[in-house]
Amino acid sequence: MNSLTEDVRAIRRFNRFYTQKIGAVSDGFLDTGWSLSEARVLYEIAHSPDPTATEIASTLDLDPGYVSRVLKRFRDRGVIDRSRSELDRRQWVLSLTPGGRDAVESLNHASESRIRAILHDLDPEARRAVVDALGRVQDALDPEEPAAPRVTYRAPRMGDIGWIVERHALLYQASHGWDQTFEALVADIAAQFVEKFDPTAERGWIAEVEGRRAGAIALVRHSKTIGQLRLLFVEPFARGLGIGARLVSECVGQARHVGYKKMILFTVQGLHAARRLYEHEGFRLVEEKPARLWGKDELEQKWELVL
């Protein structure tokens with residue numbers, strides 16, 4: 001049986017290996033120009049509701065003075081804004097500027113690219129073993145904290161397109177009373193996505209929660225310079241896990257990566273949860289008009305995002 005001293009050495013050895021492997025010890029985290037701590041603070045601002053400096057310091061277990069200095073650097077670089085909290089006028093609520101959202105997107109892309117590169121040469125069984133082992137480590141070190149459902153994202157594969165069409169039809173019939181013409185529209189969009197798929201300019205994502213399909217989104221070409229967000233939805237059982245925000249963020253990030261100058265999407269008034277996701281990513285409502293759609297009178301909307 002290993003002694004405690006040997007176990008400590010093993011963990012420290014793994015820490016040295018892993019931090020070097022993921023680029024955490026380079027001059028700039030993942031060659032982004034941000035330190036690891038700065039990247040963590042930016043992430044918290046991006047993903048926390050109405051974050052304050054006090055909350056961020058507590059969440060990350062960082063010295064409040066250090067967090068204050070980091071936030072000043074962020075303001076100097078124009079990546080965050082702040083406004084007085086309506087609940088406590090002594091506190092400032094932090095938010096990202098467009099430049100800040102770009103910085104977070106760059107960090108997300110760099111982090112995913114590094115992890116993807118690490119896992120690329122592993123076969124699926126080895127990848128699953130790595131992910132499962134990390135989950136067991138987290139459970140062992142924090143046994144009283146209920147393990148969050150494991151959410152993964154992948155490209156569509158056989159059977160997913162039919163599932164997307166079916167779930168869109170049933171969910172929107174239940175929530176909005178839309179008829180089968182909506183199912184026909186989704187089927188046509190999905191079919192064209194498969195038949196005309198261009199891997200250099202288009203991409204689809206399937207979200208899974210503990211291996212169960214939970215949501216989807218697609219980036220499709222609208223023109224040479226414009227990408228379109230389509231087919232977004234999240235299953236009811238998986239809402240509240242941040243899946244919708246992650247799907248939209250992935251879609252926008254990929255649009256930037258392939259060189260689109262603008263993104264568009266079409267929706268209708270009343271989809272409030274989706275609207276918040278779009279606004280968070282910087283989309284703006286540019287057109288609204290009444291229309292007879294899918295057996296209902298709706299207000300059709302067009303949203304745009306300059307990349």
Side-chain angles (χ1 to χ4, degrees), residues 30-33 42 46 77-79 95-114 116-117 153-156 160-161 164-165 168 182 185-207 215-234 243-269 271 274-289 291 293 298-307:
L30 296 170
D31 300 319
T32 62
L42 270 176
R77 294 179 66 170
V79 297
S95 61
L96 296 178
T97 64
R101 289 193 291 270
D102 288 343
V104 170
E105 183 57 48
S106 295
L107 283 164
N108 285 338
H109 180 72
S111 181
E112 180 169 325
S113 295
R114 180 61 64 91
R116 190 180 297 276
Y153 300 85
R154 60 170 175 79
D160 287 332
I161 298 302
I164 289 172
V165 174
H168 265 82
F182 177 69
L185 171 68
V186 178
D188 183 58
I189 293 169
Q192 290 192 46
F193 176 73
V194 174
E195 293 169 359
K196 300 179 180 181
F197 182 70
D198 179 357
T200 67
E202 299 178 310
R203 187 172 172 184
W205 292 261
I206 301 294
I217 200 171
L219 170 67
V220 302
R221 182 198 294 274
H222 183 78
S223 72
K224 288 185 177 180
T225 59
I226 299 176
Q228 185 171 352
L229 185 157
R230 311 204 82 165
L231 300 175
L232 171 65
F233 82 100
V234 177
I243 291 173
R246 173 68 182 274
L247 287 171
V248 174
S249 177
E250 292 288 341
C251 193
V252 170
Q254 183 68 10
R256 287 195 175 99
H257 179 69
V258 301
Y260 287 123
K261 304 301 182 185
K262 181 190 293 187
M263 281 193 72
I264 63 171
L265 66 89
F266 293 91
T267 185
V268 297
Q269 187 186 64
L271 303 182
R275 175 172 184 148
R276 288 193 293 271
L277 298 178
Y278 304 146
E279 289 176 331
H280 180 75
E281 283 296 328
F283 280 90
R284 295 294 178 264
L285 177 62
V286 296
E287 184 179 332
E288 190 173 61
K289 60 184 179 182
L293 298 171
E298 302 284 358
L299 277 176
E300 186 177 16
Q301 297 179 338
K302 179 182 180 181
W303 292 66
E304 290 185 353
L305 171 63
V306 177
L307 300 173

Shortest non-hydrogen separation from [X] to [Y] and the atoms involved:
{"X": "Glu281", "Y": "Ser249", "value": "OE2-CB, 3.4 Å"}
{"X": "Leu232", "Y": "Tyr278", "value": "CD2-OH, 3.6 Å"}
{"X": "Val104", "Y": "Leu42", "value": "CG2-O, 4.1 Å"}
{"X": "Glu250", "Y": "Trp205", "value": "O-CZ2, 3.6 Å"}
{"X": "Gln301", "Y": "Glu288", "value": "NE2-OE2, 2.6 Å"}
{"X": "Cys251", "Y": "Leu219", "value": "SG-CB, 3.6 Å"}

First locate atom [atom1] of [X], then atom [atom2] of [Y], and finally report the distance between them rounded to the nearest 0.5 Å.
{"X": "Ser95", "Y": "His280", "atom1": "OG", "atom2": "NE2", "result": "10.0 Å"}
{"X": "Ile161", "Y": "Ile189", "atom1": "CD1", "atom2": "CD1", "result": "11.5 Å"}
{"X": "Ser106", "Y": "His257", "atom1": "OG", "atom2": "NE2", "result": "11.5 Å"}
{"X": "Glu279", "Y": "Arg284", "atom1": "CD", "atom2": "CZ", "result": "7.0 Å"}
{"X": "Leu299", "Y": "Lys289", "atom1": "CG", "atom2": "NZ", "result": "11.5 Å"}

Can you list the residues that meet the side chain to side chain contact (heavy atoms under 4.5 Å, CB included) rule with Val286, with sequence neighbours excluded? Lys302, Glu304

Does the side chain to side chain contact (heavy atoms under 4.5 Å, CB included) test come out yes or no for Asp102 and Arg256, once each step is laid out? CA-CA 10 Å; Asp102 288 343; Arg256 287 195 175 99; 3.2 Å; yes

Exam field: side chain [X] to backbone [Y], donor-acceptor pair closer than 3.5 Å:
{"X": "Ser111", "Y": "Leu107", "answer": "no"}
{"X": "Thr97", "Y": "Gly78", "answer": "yes"}
{"X": "Tyr260", "Y": "Ala201", "answer": "yes"}

Heavy-atom distance under 4.5 Å between the side chains of [X] and [Y], does that happen here?
{"X": "Ile217", "Y": "Gln254", "answer": "no"}
{"X": "Thr200", "Y": "Val258", "answer": "no"}
{"X": "Ile206", "Y": "Ile164", "answer": "yes"}
{"X": "Leu307", "Y": "Val252", "answer": "yes"}

Sequence neighbours left out, what pairs pass salt bridge (charged side-chain N to carboxylate O under 4.0 Å, His left out) with at least one residue falling in residues 221-233? Asp198-Arg221

Between Asn108 and Glu112, does any side-chain donor sit less than 3.5 Å from a side-chain acceptor? no

Under the side chain to side chain contact (heavy atoms under 4.5 Å, CB included) rule, what do Ile243 and Tyr153 come out as? Steps first, then yes or no, please. CA-CA 9 Å; Ile243 291 173; Tyr153 300 85; 3.8 Å; yes

Students often mix this up, so state it plainly: with edges at 30° and 60°, are the rings of Phe182 and His168 parallel, tilted or perpendicular? tilted

Go through Phe283 and Arg275 one step at a time and tell me if the side chain to side chain contact (heavy atoms under 4.5 Å, CB included) criterion holds. CA-CA 9 Å; Phe283 280 90; Arg275 175 172 184 148; over 6 Å; no

